[in-house]
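Just below is one structure, and these are the notes that go with it.
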Amino acid sequence: AAAAAARGRPVDSDDDDENNKNDDDQWGGWEAEQDEGEPAACLFCVAAAGGSPLMLESAELALKHMAAEHSFDLLAVQREQKLTQYEVIQLINYLRTQAKSSPGAVPTTVPQREAFVKDEFYQPVLQNDALLTYDYEGDFVEEEPVAVSDAELDPRTLKYVESLRQEIEQMRSSFAAFRAETAAALLGDDDKDAAAKRDGDSHNSDSGSSDSEVDEDADVEGYFRSYGHYGIHEEMIKDAVRTDSYRDFMYKNPALFKDKVVLDVGCGTGILSMFAAKAGARMVIGVDNSSVAEIAKANVKENGLDNIVTILRGKVEEVKLPVDKVDIIVSEWMGYFLLFESMLDTVLYARDRWLAPGGVVHPDKSSMYLAAMGEGEYNHHVRFWENVYEFKMTKMRDTVLREADVCIVAQDDIISPPYVMKSLDMHTVKLEDLQFTTPFTLVINQKRSMAAICSYFDIVFEQGCSDVVYFSTGPEATPTHWKQTVFYVQPPIAVSPGDIVSGELVCRRQKVNTRALIVTLSFSVTFASGADSVSYKAKYLI
């Protein structure tokens with residue numbers, strides 16, 4: 001579920017074109033930079049001392065060295081044999097394995113695919129092998145194609161050509177996700193979908209500044225590609241609250257799964273599919289549109305579950321299932337603020353298309369909460385920029401203020417009871433319910449400065465379960481990779497017990513990047529002391 005921006009912020013609509021231009025320049029400049037890379041070991045040279053591989057300054061230099069000194073051009077081999085990134089990795093590990101038994105030997109012919117395209121050669125032979133992370137697909141240069149129209153091809157060949165086109169496009173774009181994540185990390189944003197940022201004017205409360213608009217021209221094309229990078233899946237699986245809850249739901253309710261057909265929407269590494277198989281399902285179908293689906297197939301086979309679990313790569317809206325109906329749909333579709341990424345759309349499509357009468361979707365219930373916050377995160381993330389080693393960085397402060405922050409909120413920084421602003425039932429919710437306007441009321445219970453409003457959600461596995469499983473992403477619970485979503489208030493408002501914060505929250509999608517959200521918060525604070533109320537309004541991008 002993940003998986004893609006962890007932060008967002010409001011931007012004045014008048015600045016959209018200029019902001020987009022600035023961002024294009026910024027990202028273009030980043031992409032133009034060439035990383036010198038880590039040292040890389042030659043596949044064939046062995047240094048005299050200690051029998052260690054000869055190290056070159058970078059993977060690129062190692063590839064040039066092997067082509068010049070050993071007449072082994074790995075890039076040419078990749079082009080001629082049309083090897084995928086994964087197959088090149090397997091070939092490198094195969095050659096390193098061979099080098100252990102015959103140091104310094106250079107193959108006189110390129111090994112046949114059957115020799116190295118094996119699961120065992122996904123395992124690195126050399127620790128931190130820079131050749132394994134080199135972008136071989138990016139170096140692929142097409143020869144000038146022969147002009148042959150689709151009409152000249154027979155149907156069988158045309159179908160094969162179309163599949164190749166799709167595969168090539170997926171291969172070419174796979175590295176873009178890695179680049180985007182690396183760029184996000186370099187910009188100081190370590191959450192999985194933090195690349196969709198835009199710059200703009202600062203927002204203020206209604207007292208002294210006009211409302212602002214959000215740039216809606218973010219990029220959505222990398223969504224599926226981003227889930228092909230292993231780091232996202234590692235983060236999600238290591239989230240014990242998340243993964244344990246899914247496991248417990250399935251293992252503690254074997255009667256629900258016995259002899260059932262299960263569809264796993266967005267299966268990722270296949271972990272939920274394998275849970276379902278172990279829980280007693282007769283058939284499990286996992287679907288994922290990212291390249292990790294190929295790894296999921298290997299994971300299923302490695303664990304001896306390929307007689308039960310089938311992994312399909314493709315969009316749920318386009319794949320053909322081996323059955324007409326399924327009994328259970330499982331999915332980890334939740335994003336930041338619950339609804340970021342819009343993966344729930346796909347789950348609802350699967351529900352309406354394939355769920356048998358009487359079937360269940362899990363998790364089946366979720367609720368979204370709001371609560372008032374003190375200055376803890378505000379001081380850490382906003383006020384910090386007012387004095388950075390005795391320098392003012394107001395522009396950075398204003399940028400943070402315009403963002404919906406995804407962070408861990410301390411429980412003692414919550415200054416009101418939570419308010420349930422939205423509840424969803426997966427068996428009845430409709431697409432139009434995912435864009436909404438909802439009123440809210442927060443009752444302050446501490447004398448503090450209200451510097452933000454915090455949002456989080458909880459999840460329930462209930463329908464058809466003899467053992468109900470629940471987890472929360474709230475500040476009082478064990479932290480998860482979803483953390484909490486924080487909307488900063490500038491300037492903070494001094495509040496006391498009994499003060500009432502009442503208003504409404506509007507959640508809608510961007511017009512272009514429909515996986516991102518625009519949240520509008522408008523509220524007034526009524527003071528128990530009888531002082532004049534204060535109004536506030538701002539928009540944020542998530």
Side-chain angles (χ1 to χ4, degrees), residues 1-3 227 230 232-290 292-313 316 319 321-323 326-335 343-344 346-347 350-351 354-356 359-366 426-427 458-473 478 480-482:
Y227 280 88
Y230 80 93
I232 290 177
H233 300 281
E234 179 179 352
E235 178 187 25
M236 292 189 295
I237 291 176
K238 285 182 175 179
D239 183 342
V241 172
R242 165 200 181 269
T243 308
D244 288 1
S245 295
Y246 277 86
R247 180 202 59 192
D248 292 348
F249 147 64
M250 294 190 225
Y251 285 6
K252 292 181 178 180
N253 292 282
L256 180 64
F257 285 86
K258 182 175 174 57
D259 297 328
K260 296 298 194 329
V261 178
V262 179
L263 174 62
D264 179 3
V265 176
C267 66
T269 60
I271 185 70
L272 302 189
S273 294
M274 291 189 284
F275 283 159
K278 287 288 190 180
R282 172 173 60 87
M283 175 188 293
V284 183
I285 305 159
V287 181
D288 202 293
N289 195 41
S290 77
V292 78
E294 305 303 323
I295 303 300
K297 293 177 184 178
N299 293 340
V300 168
K301 184 176 182 181
E302 182 178 18
N303 288 278
L305 295 171
D306 50 328
N307 60 325
I308 300 174
V309 180
T310 299
I311 302 296
L312 303 177
R313 181 175 181 181
V316 167
V319 297
L321 298 190
V323 295
V326 300
D327 303 301
I328 302 172
I329 294 176
V330 296
S331 179
E332 196 278 81
W333 54 267
M334 298 81 75
M343 187 179 166
L344 182 54
T346 301
V347 176
R351 177 198 68 186
W354 286 300
L355 190 63
V360 294
V361 180
H362 278 289
D364 60 311
K365 292 182 176 64
S366 60
M426 295 305 105
H427 298 98
D458 61 23
I459 294 295
V460 184
F461 303 83
E462 182 176 17
Q463 186 156 326
C465 297
S466 58
D467 196 330
V468 176
V469 174
Y470 157 92
F471 71 85
S472 173
T473 65
T478 301
T480 70
H481 77 283
W482 290 288

Between atom [atom1] of [X] and atom [atom2] of [Y], what is the distance when rounded to the nearest 0.5 Å?
X      : Y      : atom1 : atom2 : result
Asp364 : Ile459 : CG    : CD1   : 9.5 Å
Leu263 : Met283 : CG    : CE    : 11.5 Å
Asp327 : Leu256 : CG    : CG    : 9.0 Å
Leu344 : Ser366 : CG    : OG    : 7.5 Å
Cys267 : Leu312 : SG    : CG    : 8.5 Å
Lys238 : His481 : NZ    : NE2   : 14.0 Å

Minimum heavy-atom distance [X]-[Y], with the two atoms named:
X      : Y      : value
Val469 : Ser245 : CG1-O, 3.7 Å
Val347 : Ser331 : CG2-OG, 3.5 Å
Ala293 : Asp288 : CB-O, 3.8 Å
Ile308 : Arg282 : CG2-O, 3.7 Å
Val361 : His427 : N-NE2, 2.9 Å
Pro363 : Met334 : CG-SD, 4.3 Å

Would the distance check show the side chain of [X] and the main-chain N or O of [Y] forming a donor-acceptor pair, the cut-off being under 3.5 Å?
X      : Y      : value
Asn299 : Gly270 : no
Thr243 : Ile237 : yes
Arg351 : Met426 : yes
Asn253 : Asp467 : yes

Side chains of [X] and [Y] in contact at under 4.5 Å (non-hydrogen atoms):
X      : Y      : value
Thr480 : Arg242 : no
Thr269 : Ile295 : no
His233 : Ile271 : no
Trp354 : Val316 : yes
Asp239 : Trp482 : yes

Check the pair Val460 / Val468 against side-chain contact (heavy atoms from CB on, under 4.5 Å), numbers first and verdict last. CA-CA 7 Å; Val460 184; Val468 176; 3.9 Å; yes

Using the side-chain contact (heavy atoms from CB on, under 4.5 Å) rule, take Val287 and Leu321 through it: C-alpha gap first, then chi angles, then the decisive distance, then the call. CA-CA 9 Å; Val287 181; Leu321 298 190; 4.2 Å; yes

Picking from His362, Met250, Lys365, what satisfies side-chain contact (heavy atoms from CB on, under 4.5 Å) with Phe461? His362

Under the ring-ring contact (aromatic ring centres under 6.0 Å, His included) rule, what pairs show up with a residue in residues 255-290, not counting sequence neighbours? Phe249-Phe257, Tyr251-Phe275

